[in-house]
J.: 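Below you'll find the structure I mean.
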Amino acid sequence: MVEDSNIKTKISPFAVKPGEIKVFDGKDGFVTMDNILKRINEGHITDIHFKIIEIVNEFEFITSRQLFQILQYRKADIPSQDKLNAKLEQLIKLKILTRYFFQSEDGKGIYRVYALEKMGKYLLNSREIECKWQATDNTKPVHMIKKRLAGNQVIVAYLNKVKAFDSYVVKPTLNAKQSKKMFKPQAGIKLSKGDKSIDLIYDVVRREDGWEERFLERMKLFEDFYHNFVTLDSGYKQRPQLVFDCEDDKHMVEVFKILVTNQIVLDGIHYLFTTDLKQNEETLSKTLVQFKLDEETNKYKIETVELKILE
C-alpha cells in the first residue's frame, strides 16, 4: 500500500468531475444462501470476512485502501492489501458485497468502491449485528458516495496520525429542533488528552450540480442546531467544532464566500476548513485553516489554525 506521504496527486480522488457516472463492477447472476453456508462450513468464509462485512456496513461505501487501514488499526489478521483484495473478491463472487467504479471523460477512476449486498445483510442479522441497509442505498449518486469516501478519509487520518484520537462516529446525527429535522455530517471525531477533550464534526462539501443551493439549505439546519444547543444535545456536552472538508483550496474560498455573502453565523463557533488532500500530510496539526479579516486591507486571508491536540 502506498503511504499517504508518497501520494503526489494534486486533485482529490474524491472530487466530483463533470459528467461522472457510477459503473457497476460486481457479480451478476444468482447466489443462494445454501451456496454461502457451504463456503462458511468449508472454512472459506471466516471471521475476518465477517469483520470486513461489518466495516463495509458501518461506512456504507468504502475503498479497499480505507478498509485495509481500518483493519490494521483494529489489529485484524490481514497482512497485506493484496490479501484483503483476495477476500473482497470472494465476497463479491458470493454477492455478499458489491463493487463500483467511477467513469468520466478522463476515463475510469483509479479505485473501486465497495458496498453491502442483500446476502451481507442476512449474514450480519444472523449474528445480531444491526444492519439498516436496503437495496436503494446502492442507487445513491456519485456526489453522495464521494462525500462518504471523503468522510472516511478524515476518520482514517485521525485514527492513524493523532495520538489524542479517542473515537469516531460515522455520520453523527444532529437535531435541528425548530426545523424538527435530524441531519448527519459525514464524520464525528472525539479527541482527548488528559482531562481535556474536543469534538469535531466534519461536513463534506462537493461541487455537484446545484451544490451552492444545497449548501445554503444545509447551513439552515446547522444554524438551528447551534443556536438552540444545550448540554447533551445530540450527545455532546458542549458545542462540537464544525469543519468543512472541501475539494481544494479554491473550493474553500467558494464555500466561505457563500457563508459571508449570506451572513451565516453559528453561535459559539468559528468556521474551520480543510481539504481532502490535507489528510495525507504526515501530521494533522496544520491541516485546519480559517479566514481572518485583515483590518488594514479589509480583505480576508487564510490562516493556519495550529491545535496542539492534533499533534
Side-chain angles (χ1 to χ4, degrees), residues 1-15 63 65-66 69-70 72-73 146-147 149-170 172 185-207 215 222 236 238-260 266 268-297 299-311:
M1 183 183 72
V2 179
E3 296 296 327
D4 286 355
S5 57
N6 293 326
I7 296 175
K8 303 302 181 182
T9 182
K10 296 182 179 180
I11 300 175
S12 167
F14 310 130
T63 68
R65 187 174 188 273
Q66 292 171 344
Q69 290 176 299
I70 294 167
Q72 281 190 310
Y73 176 78
K146 287 200 166 184
K147 284 182 180 182
L149 299 178
N152 295 351
Q153 202 59 35
V154 167
I155 291 171
V156 167
Y158 272 90
L159 60 84
N160 280 324
K161 300 177 182 180
V162 180
K163 291 181 180 178
F165 172 78
D166 185 310
S167 59
Y168 71 83
V169 179
V170 178
Q186 277 66 45
I189 303 289
K190 183 176 182 178
L191 305 175
S192 299
K193 190 173 183 179
D195 59 352
K196 295 182 179 180
S197 66
I198 182 173
D199 287 293
L200 305 173
I201 51 175
Y202 277 77
D203 201 50
V204 179
V205 188
R206 302 292 92 168
R207 288 189 182 103
F215 178 69
F222 276 114
Y236 293 101
Q238 56 189 5
R239 287 180 175 86
Q241 174 60 55
L242 176 60
V243 184
F244 296 113
D245 180 23
C246 303
E247 293 187 1
D248 48 48
D249 289 351
K250 183 182 177 182
H251 194 208
M252 289 195 302
V253 175
E254 294 166 358
V255 170
F256 181 68
K257 184 177 179 180
I258 292 173
L259 295 171
V260 172
L266 301 183
I269 291 296
H270 296 291
Y271 292 123
L272 296 184
F273 297 80
T274 191
T275 64
D276 296 346
L277 294 184
K278 289 182 185 294
Q279 312 314 309
N280 295 337
E281 296 182 13
E282 291 186 12
T283 173
L284 300 188
S285 60
K286 297 181 180 180
T287 56
L288 300 179
V289 303
Q290 62 182 342
F291 290 83
K292 280 288 190 76
L293 184 63
D294 188 321
E295 295 182 358
E296 293 183 3
T297 63
K299 293 182 178 180
Y300 286 97
K301 61 181 181 179
I302 295 178
E303 288 188 356
T304 299
V305 178
E306 294 190 38
L307 298 180
K308 290 185 177 181
I309 199 169
L310 293 181
E311 295 176 349

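Excluded from the calculations below are hydrogen atoms, water molecules and symmetry mates; all remaining heavy atoms, backbone and side chain alike, are included. Worth saying up front: this structure is predicted, and the values here are computed from it rather than measured.
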J.: State, with a plain yes or no, whether a side-chain heavy atom of I11 is found less than 4.5 Å away from one of D248.
T.: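 Result no, sub-4.5 Å side-chain heavy-atom pair not found.
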J.: Is there side-chain contact between Y236 and I201, with at least one heavy-atom pair below 4.5 Å?
T.: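 Counting from C-beta outward, Y236 and I201 do come under 4.5 Å.
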J.: How long is the straight-line distance from NZ of K146 back to CD of E247, given to the nearest 0.5 Å?
T.: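 Between E247 CD and K146 NZ, I get 8.0 Å after rounding to 0.5 Å.
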J.: If you look at every heavy atom in T274 and K278, which pair is closest and at what distance?
T.: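 Answer, listing the atom of T274 first, then K278: OG1-CD, 3.5 Å.
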J.: Start with the C-alpha distance between Q186 and Q153, add both sets of side-chain angles, then the distance that settles side chain to side chain contact (heavy atoms under 4.5 Å, CB included), and finish with yes or no.
T.: CA-CA 10 Å; Q186 277 66 45; Q153 202 59 35; over 6 Å; no
J.: Of all the heavy-atom pairs spanning L310 and L284, show the shortest one and how long it is.
T.: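 That would be CD1-O, 3.4 Å.
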J.: So if I apply the side-chain contact (heavy atoms from CB on, under 4.5 Å) rule between Q241 and each of L288, V305, I269, L307, which one comes out positive?
T.: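 The side-chain contact (heavy atoms from CB on, under 4.5 Å) with Q241 is passed solely by I269 among L288, V305, I269, L307.
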J.: Do D203 and F222 have side-chain heavy atoms sitting under 4.5 Å apart?
T.: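 Side chain of D203 against side chain of F222, heavy atoms only: contact under 4.5 Å found.
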J.: Could you tell me the separation between the CG atom of N160 and the CD atom of Q72, rounded to the nearest 0.5 Å?
T.: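 Taking CG in N160 and CD in Q72, the distance rounds to 7.5 Å.
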J.: Which residues satisfy the side-chain contact (heavy atoms from CB on, under 4.5 Å) test with E306, sequence neighbours excluded?
T.: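 E306 satisfies side-chain contact (heavy atoms from CB on, under 4.5 Å) with K286, T304 only.
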J.: What is the distance from atom CD of E254 to atom NZ of K250, rounded to the nearest 0.5 Å?
T.: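 It is 5.5 Å, given to the nearest 0.5 Å.
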J.: Report yes if some heavy atom in the side chain of L259 is under 4.5 Å from a heavy atom in the side chain of F215; otherwise report no.
T.: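 L259 reaches F215 side chain to side chain.
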J.: Can you check side chain to side chain contact (heavy atoms under 4.5 Å, CB included) on D276 and H251, steps first, answer last?
T.: CA-CA 11 Å; D276 296 346; H251 194 208; over 6 Å; no
J.: Around atom CD of Q238, are there more than 12 heavy atoms of other residues, nucleotides or ligands at under 6.0 Å?
T.: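 Open: at most 12 neighbouring heavy atoms sit under 6.0 Å from CD of Q238.
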J.: Using the rule given for ring pair (Phe, Tyr, Trp, His ring centres under 6.0 Å), can you reason through F244 versus Y271, listing the C-alpha separation, both sets of side-chain angles and the distance that settles it, and then say yes or no?
T.: CA-CA 8 Å; F244 296 113; Y271 292 123; 5.7 Å; yes
J.: Find the distance between NZ (K190) and OH (Y168) and round it off to the nearest 0.5 Å.
T.: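 Here the interatomic distance stands at 15.5 Å.
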J.: How close do Y158 and F165 get, counting heavy atoms only, and between which atoms?
T.: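 Nearest pair, atom of Y158 first, then F165: O-CB, 3.6 Å.
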J.: Drop me the distance from E281's CD to T287's OG1, to the nearest 0.5 angstrom.
T.: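 It comes to 6.5 Å.
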J.: Shortest non-hydrogen contact from R206 to D245?
T.: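 Taking R206 first and D245 second, the nearest heavy atoms are NH2-O, 3.2 Å.
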J.: When the side chains of residues 192-200 are checked against the rest of the protein, which donor-acceptor pairs come out under 3.5 Å, sequence neighbours left out?
T.:
unit_1	atom_1	unit_2	atom_2	d
S192	OG	D166	OD2	2.8

J.: Over all heavy atoms of both residues, which pair between C246 and V255 is shortest? Give the atoms and the distance, please.
T.: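 Heavy atoms only, the tightest pair is SG-CG2, 3.8 Å.
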J.: List the atom of E282, the atom of K161, and the distance in Å for their closest heavy-atom pair.
T.: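 Of all heavy-atom pairs spanning E282 and K161, the closest is O-CD, 3.9 Å.
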J.: Please identify each residue that fulfils side-chain contact (heavy atoms from CB on, under 4.5 Å) with A187, with sequence neighbours left out.
T.: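 For A187, the residues satisfying side-chain contact (heavy atoms from CB on, under 4.5 Å) (neighbours in sequence not counted) are I155, Y202.
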J.: Would you compute the distance between atom NZ of K292 and atom CD1 of I302 and round it to the nearest 0.5 angstrom?
T.: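 K292 NZ to I302 CD1: 13.5 Å, rounded to 0.5 Å.
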